[in-house]
Amino acid sequence: MKRVLITGGAGFLGSHLCDRFIKEGYHVMAMDNLITGDVRNIEHLFHLPNFEFYHHDVSKYIHVPGELDYILHFASPASPIDYLKIPIQTLKVGSLGIHNCLGLARVKGARVLIASTSEVYGDPTVHPQTEEYWGNVNPVGPRGVYDEAKRFQEAMTMAYHTYHGLETRIVRIFNTYGPRMRLNDGRVLPAFIGQALRGEDLTVFGDGSQTRSFCYVDDLVEGIYRLLLSDHAYPVNVGNPSEITIKEFGEEIIKLTGTSQQLVFRDLPTDDPKQRQPDITKAKAILGWEPKVSREEGLRITYEYFKSLPEEELYKAAYHREFAKI
Ligand SMILES: NC(=O)c1ccc[n+]([C@@H]2O[C@H](COP(=O)([O-])OP(=O)(O)OC[C@H]3O[C@@H](n4cnc5c(N)ncnc54)[C@H](O)[C@@H]3O)[C@@H](O)[C@H]2O)c1
């Protein structure tokens, strides 16, 4: 049985990866300090003999017993609301955290795949974004803690690959959504749906002409799984190229939820990227991958999930909304 360590395993993406690797017959070790994750995302796996959970901070020394074939480093605060609140931890998990994972991988002879992000492209001047584009990031802006941590993480991973000959993979993830996102994480999709469920107007930051491209989580997980098993060490974009303006997206959510509320417009936060669309030519050619789930279908599943949550989750969202404006 192959053995995989998934850091950030109790988070949104990490927990879906745990599910996928269990389904593929792996022994899965999830490691998480629960700073933004939730053990409820993985508690359905606790009874399995081939699942283990380590409650641990990846930025500190890490070790797991036994053999290890793969490490997937997904631990990191991932939404602006989180990394603005915990900027130092964000920088540490992207630097000390990846260093610890790479060190463990060397000891165990494991392959490492890291979760990078479209944020390495910053506010891009190239559209759509190809892997060759070096990005347009403000290192001292509020988003710099996340963007630069991820850029450092890529550089460190590549250094271990070239200097130590470690097997490494880098996935640049574009906006992904699906069940187990948190209503209060400040990302646009849960924010809109949360507002619709509370019967509030939907807040658009700026004039809504900025674009995003949303990928359903199952599609992303398939791309990551294929990349891990490929022999490609350089970064690969994985995301859905179907691009939409935030204003149009808000209108789609109004239609989906049947809310009688409307869009309201507020000031755009500092360094908010104006456009975001992955060029997935490489993922198609190298991994034979492209997204399969339409936005209509993915949003329907995600909305059903949010509707099924206890009502108190909606109030947590109300508490965090003020913070989103910082
Ligand atoms: N969701 C997206 O659209 C997206 C896009 C690009 C990149 N990513 C990357 O994917 C990864 C997962 O993102 P997510 O959306 O699932 O976010 P998430 O917040 O749901 O998950 C992150 C997990 O990492 C854990 N964590 C954070 N710091 C840790 C530490 N020091 N030690 C141990 N665990 C720690 C958190 O508790 C949480 O469970 C992140 O690395 C993120 O940067 C996500």
Side-chain angles (χ1 to χ4, degrees), residues 3-15 17-18 21 28-37 54-64 68-79 82-83 86-122 131 134-135 137 139 143-174 176 220 223-225 227-228 230 232-238:
R3 292 163 62 86
V4 58
L5 170 66
I6 302 176
T7 75
F12 161 48
L13 297 183
S15 64
L17 286 165
C18 289
F21 281 90
V28 174
M29 288 165 273
M31 187 177 283
D32 203 298
N33 66 355
L34 303 178
I35 195 163
T36 62
Y54 293 87
H55 186 194
H56 187 69
D57 183 345
V58 182
S59 300
K60 298 188 175 142
Y61 172 79
I62 60 170
H63 189 74
V64 290
L68 200 53
D69 298 284
Y70 303 114
I71 300 176
L72 279 76
H73 184 44
F74 276 66
S76 172
S79 80
D82 290 332
Y83 57 73
I86 43 175
I88 313 286
Q89 288 95 325
T90 303
L91 282 158
K92 282 170 80 174
V93 76
S95 52
L96 305 177
I98 186 59
H99 192 224
N100 290 334
C101 290
L102 292 163
L104 179 63
R106 273 194 80 203
V107 170
K108 302 278 188 183
R111 180 181 295 177
V112 178
L113 180 146
I114 61 161
S116 190
T117 167
S118 55
E119 301 286 341
V120 300
Y121 302 124
E131 289 85 349
W134 291 352
V137 172
R143 306 173 77 101
V145 294
Y146 182 68
D147 302 5
E148 295 296 2
K150 291 292 185 179
R151 289 166 68 96
F152 177 89
Q153 184 173 268
E154 287 197 8
M156 180 65 108
T157 302
M158 204 36 89
Y160 264 70
H161 175 69
T162 49
Y163 186 74
H164 289 304
L166 197 74
E167 287 196 37
T168 55
R169 307 285 179 264
I170 300 174
V171 57
R172 289 191 181 147
I173 301 167
F174 283 65
T176 301
L220 179 85
I224 290 169
Y225 190 72
L227 177 62
L228 178 71
S230 78
H232 191 78
Y234 282 86
V236 178
N237 289 339
V238 177

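Here, residue 1 is the first one in the sequence, and each next residue gets the next number.
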D69 side-chain N/O to R3 backbone N/O, donor-acceptor pair under 3.5 Å
yes

Is there a donor-acceptor pair under 3.5 Å between the side chain of N100 and the backbone N or O of I62?
no

Aromatic plane relationship, Y83 with Y146 - under 30° parallel, 30 to 60° tilted, over 60° perpendicular
parallel

Can you tell whether the side chains of E154 and R151 come within less than 4.0 Å, N to carboxylate O?
no

Quick one, R111 with T168, criterion side-chain contact (heavy atoms from CB on, under 4.5 Å). Give me CA distance, side-chain angles, the key distance, then yes/no.
CA-CA 6 Å; R111 180 181 295 177; T168 55; over 6 Å; no

Would you say T176 and L13 make side-chain contact, with heavy atoms under 4.5 Å?
yes

If every non-hydrogen atom of G94 is compared with every non-hydrogen atom of I98, which pair is closest and at what distance?
O-CG2, 3.2 Å

With rounding to the nearest 0.5 angstrom, report the CG to NZ distance, L68 to K108.
6.5 Å

Is it true that atom NZ of K92 has more than 12 heavy atoms of other residues, nucleotides or ligands lying nearer than 6.0 Å?
no

Please confirm whether the backbone N or O of L96 pairs with a side-chain atom of K60, one donor and one acceptor, at under 3.5 Å?
no

The reported gap from SG in C101 to CD1 in I71 (rounded to nearest 0.5 angstrom) is 5.5 Å

Can you tell me how far CZ of R172 sits from OH of Y234, rounded to the nearest 0.5 angstrom?
11.5 Å

For R169 and V112, run side-chain contact (heavy atoms from CB on, under 4.5 Å): C-alpha distance rounded to whole Å, both residues' side-chain angles, the deciding distance at 0.1 Å, then the answer.
CA-CA 6 Å; R169 307 285 179 264; V112 178; over 6 Å; no

When every non-hydrogen atom of T90 is compared with those of I86, the smallest separation belongs to OG1-O, 2.7 Å

Assess whether side-chain contact (heavy atoms from CB on, under 4.5 Å) is satisfied between N33 and V58, documenting all intermediate values.
CA-CA 8 Å; N33 66 355; V58 182; over 6 Å; no

CG-SG distance between L72 and C18, expressed to the nearest 0.5 angstrom
9.5 Å

Look at R143 together with E119 and state whether they make a salt bridge at an N to O cut-off of under 4.0 Å.
yes

Drop me the distance from E167's CD to L228's CG, to the nearest 0.5 angstrom.
9.5 Å

To check you understand the geometry: which heavy-atom pair defines the closest contact between P77 and D82, and what is its length?
CB-CB, 3.9 Å

Around H232, counting heavy atoms of other residues, nucleotides and ligands shown, do more than 12 lie under 6.0 Å from its NE2?
yes

Could you check whether the rings of Y61 and H63 sit parallel, tilted or perpendicular, using 30° and 60° as the cut-offs?
parallel

Which heavy-atom pair separates L91 from V145 by the least distance, and what is that distance?
CD2-O, 3.4 Å

M31 and I6, any side-chain heavy atoms less than 4.5 Å apart
no

Determine whether the aromatic ring centres of residues F21 and Y70 are separated by less than 6.0 angstrom.
no

Applying the side chain to side chain contact (heavy atoms under 4.5 Å, CB included) criterion to V171, which one of N237, V238, T117 satisfies it?
V238

For the student: nearest non-hydrogen atoms of V93 and A75, plus distance:
CG2-O, 3.5 Å

Quick check for you: to the nearest 0.5 Å, what is the distance between Q153 atom CD and S116 atom OG?
6.5 Å

Please report the closest heavy-atom contact between P139 and E148, naming both atoms and the distance.
CB-OE2, 3.3 Å

Decide yes or no on side-chain contact (heavy atoms from CB on, under 4.5 Å) for L17 and I224, but give the supporting numbers first.
CA-CA 9 Å; L17 286 165; I224 290 169; 3.9 Å; yes

Can you tell me if R106 uses its side chain to pair, donor with acceptor, with the backbone of L166 under 3.5 Å?
no

Ignoring hydrogens and angles, tell me if any N or O in the side chain of T7 forms a donor-acceptor pair with the backbone of F74 under 3.5 Å.
yes

